[in-house]
Amino acid sequence: MEEERRSNLDQIEALKKDDPFIDPDHASDNAAVDTDVREQVGHDTIEAEVKDMTKRVQDIDNALRKINKNQYGYCERCKKPILEARLELIPEASFCIDCEKHLRK
Ligand SMILES: [Zn+2]
């Protein structure tokens, strides 16, 4: 899981470098409108991906903390054990299926 965390962090860094908004010339260039639109879309996509991945790293951090405290595998909401099949699928899951459903509503 720590390895996955690292690879996620690497991907976040890589994505940030792809962000057209990071280009210092961006604001001052007089690019055609379609270029601006393309840059905007690229920026939004990267921003969404970075957000997703940051969330995942946080979830993994959270799970690692729980392992240290011997609370790993228990739902943070109802404190019941999370199904093993679910943990195999999502090792960083913080909630059991029931609570996850409840929280997503
Ligand atoms: Zn629960």
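Counting convention: from 1, in listed order, for ligands and their atoms alike. All values derive from a computational prediction rather than experimental measurement. For reference, positions follow the sequence shown, starting with 1.
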Distance-only criterion, 3.5 Å: show the donor-acceptor pairs between side-chain atoms of residues 47-54 and protein atoms not counting sequence neighbours.
{"residue": "Glu47", "atom": "OE2", "partner": "His43", "partner atom": "NE2", "Å": "3.4"}
{"residue": "Thr54", "atom": "OG1", "partner": "Val50", "partner atom": "O", "Å": "2.6"}

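A distance-only check finds no donor-acceptor pair linking the side chain of Arg56 to the backbone of Arg5 [under 3.5 Å].
Ser94 contributes atom OG, which lies 10.0 Å from atom CG of Leu103 (distance to the nearest 0.5 angstrom).
Protein N/O/S atoms closer than 2.8 Å to the Zn ion (ligand 1), listed by chain and residue number, are Cys75 SG, Cys78 SG, Cys96 SG, Cys99 SG.
With sequence neighbours excluded, the residues forming a side chain to side chain contact (heavy atoms under 4.5 Å, CB included) with Arg6 are Glu3, listed by chain and number. Partners of Asp44 by side-chain hydrogen bond (donor to acceptor under 3.5 Å, both in side chains), not counting sequence neighbours, listed by chain and number: Gln40.
In this structure, Arg104 pairs ionically with Glu100, as a charged nitrogen and a carboxylate oxygen lie closer than 4.0 Å.
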